[in-house]
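Residue numbers start from 1 in every chain, and the chains themselves are labelled A, B, ... in the order their sequence lines are given, proteins ahead of strands.
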Protein chains: 2
Amino acid sequence: MLNLFPAMTPVNLKSLSEQLNLSIATVSRALRDSHEVSEATKVRVRALASALHYEPNAYASSLRRNISKTIGVVIPKVANHFFALAINGIEEAARQSGYHVLIYLTHDDYEREMSIVQHLKGGRVDGLLMSVASGTQDFAHLRSLKDANIPIVFFDRVCAEIETAKVTTNDYESGYQATEHLIQAGCRTIAHLLISNNLSIGQFRHQGYLDALTANDQAPDPDLVMSGVMDNEQNVALIRELLLRRPDIDGIFASVERLAISAYRVCHELQRRIPEDVKIIGFSNLEAAALLDPPLSTITQPAYDIGREAAKILLRAVEKKKAVLSTQSVVLESTLFARQSTGS
Amino acid sequence: MLNLFPAMTPVNLKSLSEQLNLSIATVSRALRDSHEVSEATKVRVRALASALHYEPNAYASSLRRNISKTIGVVIPKVANHFFALAINGIEEAARQSGYHVLIYLTHDDYEREMSIVQHLKGGRVDGLLMSVASGTQDFAHLRSLKDANIPIVFFDRVCAEIETAKVTTNDYESGYQATEHLIQAGCRTIAHLLISNNLSIGQFRHQGYLDALTANDQAPDPDLVMSGVMDNEQNVALIRELLLRRPDIDGIFASVERLAISAYRVCHELQRRIPEDVKIIGFSNLEAAALLDPPLSTITQPAYDIGREAAKILLRAVEKKKAVLSTQSVVLESTLFARQSTGS
DNA sequence: CTGTTAGCGCCTTCAG
DNA sequence: CTGAAGGCGCTAACAG
């Protein structure tokens, strides 16, 4: 007789097996579609299981098999189009392989990143995807993941010191191209706005900027390089100051979306016409960039693909139970959108 | 003698207890800071535990205590500023209470939503936060959560049929205000763009639109109401068609960010001047809206607070082990930003 | 093909 | 204050 009130007696292998006069093991095997169980019993078992809406207890299974079917994603923030899109790609890849996704935000805080990683060593995840916090200087907590047998894949903001797989974009080339784009458009004094830290991506982009300048016989000027801070209003103030101090600036290359937007705003405010007086190009995944008038030229990273690629690499390692990944680097290409005023 | 190679022998209560010549129970109690264990042993235990970087196995604990310290978040998409900000608030609240956050994207697909919810009944989460998919018409899968003893809190896109806590914004009022804003600005023919479905929020906003019209002696015209679809390019085509069919439209109220942006784009394309020919106001959490020239007026939802509030309510219920929440409705207020061209 | 047994790592009575 | 024992739900080895 069926028990249709699972809230009363729990629905688990035990209760199922009792009602079916089978052993727990057989029921378990039947549900996992093992070949060593007769088709007839499989049918019986499945029928009851679905009638009672049986759902296996994920944690019991995880404990037993030492596999959680879960990956962790540790990123600075999600209120940022790039990471939002990346998560999308990650979730997609994870779902396709039957994995769950735990999300953690560091808010670019080292302490927080450390405590998250420490927690995760408890076996809650089979693997980790990570974009390091800008405040992170010490990487011991990341190294220790190796001991805990948890593979990690870095994306976008990678950590060069750790030997593992990394997914990035062609940051150096993008920095170079962006700068050259401004030079071609006639800019003679180009500022570079980046985030103040040791992030690999910032360094690569900056090197691209420097090399593009020298290649075009423009002497790099440290005074034109601005390191942003966490607080956005402060950044606006810094940019305003820079533009007032150097009225000769006629081109701005922003390595971060927020700085590009802020620069745009400050130009408006200071009545510097875009693009007549100042041309701006910035890293951005903001769709609305194309709608600005004049539109903002952007370097757009394939965020979704980055997330997806990273997740796929991680999952492949997880399935093979390889704690340490080969130091493989996947580089995807960003796209430069040179947008012109529609002249309406 | 210390074993500093946890990769060799596993670090768990058993191994710790052996090295300390204590029982597993005592070690467990010491680590949970139980009052029934001497301070001296606590110190000894903690010392070894931290030396070996002991991290409790979350799944064993979950299995035993039937508590996962994890909540699930099921949303349509994350590549949308509103949801990104909401996740931020959710993660914050969860973290403060020591909870983990699993994320699932439905892509507005009913089947997917159902399968996710079904999975989650396996005890993987202690509670659920949800914004229902636009394709969802049947709510049996949500009801069944009650049987599984999993509390659920809806936010933004709520499901009226389920009796549980809900966190929303004042959608009716916002729709009313937005429409009145356009009327005050002199619009005589106001279109309403919304998403094609049974979403509660769409209905409320639409009712506000209708009531504002009648209150101002404008007869609602069904021809001016457009239901969007999933594909954005199709939406652009639909909007274009609408504006061509009804050249008398001089005001647009968009209930979704994407539609507002698309409307903006189509107006540009059709050379309808904003705001001289057509005024636009739309729901949006896009910062860049203020940068558009002319800027886009928006109704902005307190996304972060919505996520945070919803998570707090859920966590309170989870801690009390209440599967069914009181049908409590928290309504937060959106802000209308009436932006004017800077006239530069 | 099916059943029995023995844990995964942890927590929680119940006894000392 | 500490220890011994049982079991959360599931799976995997070993018997039949």
Practice prompt. Would you classify A:Ile24 as touching base, sugar-phosphate or nothing, given that sugar-phosphate means primed atoms plus P, OP1 and OP2, and contacts are heavy atoms under 4.0 Å?
Written response: base

Worksheet, complete the sentence: Rounded to whole Å, CD of B:Glu55 lies from P of C:dG9 at a distance of 15 Å

Item to complete: Please check if the side chain of A:Ser131 supplies one atom and the backbone of A:Phe155 the other of a donor-acceptor pair under 3.5 Å.
Response: yes

Discussion item. Just the rounded figure in Å: distance from P of C:dA15 to CD of B:Glu36.
Written reply: 15 Å

Item to complete: Check if the side chain of A:Arg64 and the base of C:dG9 share a donor-acceptor pair of N or O atoms closer than 3.5 Å.
Response: no

Worksheet entry | Full working for side chain to side chain contact (heavy atoms under 4.5 Å, CB included) between B:Lys42 and B:Ser34 | CA-CA 9 Å; B:Lys42 273 187 194 171; B:Ser34 162; 5.7 Å; no

Worksheet entry | Under 3.5 Å: donor-acceptor pair, side chain of B:Tyr59, backbone of A:Ser68 | no

Worksheet item: Which whole-number value in Å describes the distance from B:Leu63 CG to C:dC8 P?
Response: 13 Å

Item to complete: Among the candidates C:dT12, D:dG9, D:dA13, find the nucleotide nearest to the side-chain atoms of A:Arg29.
Response: D:dA13

Fill in: Atom-to-atom span, OH of A:Tyr59 to P of D:dC10 - whole angstrom
14 Å

Worksheet item: Which residue lies toward the 5' end of DNA chain D, B:Glu39 or A:Asn57, if each is placed at its nearest nucleotide?
Response: B:Glu39

Worksheet item: Does B:Ser23 put a side-chain nitrogen or oxygen below 4.0 Å from OP1 or OP2 of D:dG3?
Response: yes

Worksheet item: Which residue, A:Leu22 or B:Ala60, contacts DNA chain C at a nucleotide closer to its 5' end, judged by nearest heavy atom?
Response: A:Leu22

Worksheet item: Which of these nucleotides, C:dG9, C:dG3, D:dG3, is closest to any side-chain atom of B:Asn12?
Response: C:dG9

Discussion item. Under 4.0 Å from OP1 or OP2 of C:dC10: is there any side-chain N or O of B:Tyr54 that close?
Written reply: yes

Discussion item. In the structure I gave you, are the side-chain heavy atoms of B:Thr106 and B:Ile116 within less than 4.5 Å of one another anywhere?
Written reply: yes

Worksheet item: Looking only at atom types and distance, does a side-chain atom of B:Asp108 sit under 3.5 Å from a main-chain N or O of B:Ser134, one as donor and one as acceptor?
Response: yes

Worksheet item: Could you give the CG-to-C1' distance, from A:Asp33 to D:dT11, as a whole number of Å?
Response: 16 Å

Response to the item:
Among the nucleotides C:dG9, D:dT2, D:dT11, whichever has the atom closest to the side chain of B:Thr41 is D:dT2

Practice prompt. Quick one: label B:Arg32 by what it contacts on the DNA or RNA (base, sugar-phosphate, nothing), any heavy atom closer than 4.0 Å.
Written response: sugar-phosphate

Worksheet item: What is the distance from NZ of A:Lys14 to P of D:dT11, rounded to the nearest Å?
Response: 16 Å

Discussion item. Tell me the interatomic distance from A:Ile67, atom CD1, to C:dG9, atom C1', rounded to whole angstroms.
Written reply: 16 Å

Practice prompt. Look at B:Ser62 and D:dC8 and indicate whether a side-chain polar atom (N or O) is within less than 4.0 Å of OP1 or OP2.
Written response: no

Fill in: Any donor-acceptor N/O pair, A:Thr70 side chain to A:His100 backbone, under 3.5 Å
no

Worksheet entry | Closest to the B:Ser61 side chain, choosing from D:dT2, C:dC10, C:dT12 | C:dC10

Worksheet item: Which ones in residues 116-126 of chain B lie close to DNA chain C, meaning a heavy atom under 4.0 Å from one of its atoms?
Response: none

Worksheet item: Counting N and O atoms only, with roles assigned by atom type, does the side chain of A:Thr164 sit under 3.5 Å from a partner on the main chain of A:Ile152, one being a donor and the other an acceptor?
Response: yes

Fill in: Atom pair distance, as rounded to whole Å: CZ in B:Arg44 and C1' in D:dT2
12 Å

Worksheet item: Nearest to the side chain of A:Arg65, which nucleotide is it out of D:dA12, D:dG3, D:dC10?
Response: D:dA12

Item to complete: Would you tell me if any nitrogen or oxygen in the side chain of B:Ser28 comes within less than 4.0 Å of OP1 or OP2 on C:dC10?
Response: no

Worksheet item: With sugar-phosphate meaning primed atoms plus P, OP1 and OP2, does A:Asn66 contact a base, only sugar-phosphate, or nothing at under 4.0 Å between heavy atoms?
Response: nothing

Item to complete: Please determine, for the side chain of A:Leu13, which listed nucleotide (D:dT11, C:dT2, D:dT2) has the closest atom?
Response: D:dT11

Discussion item. When you measure from the side chain of A:Asp126 to the backbone of A:Lys69, do you find a donor-acceptor pair of N or O atoms at a distance under 3.5 Å?
Written reply: yes

Worksheet item: When you check the gap from the basic side-chain N to the acidic O, do B:Glu163 and B:Arg143 get nearer than 4.0 Å?
Response: no

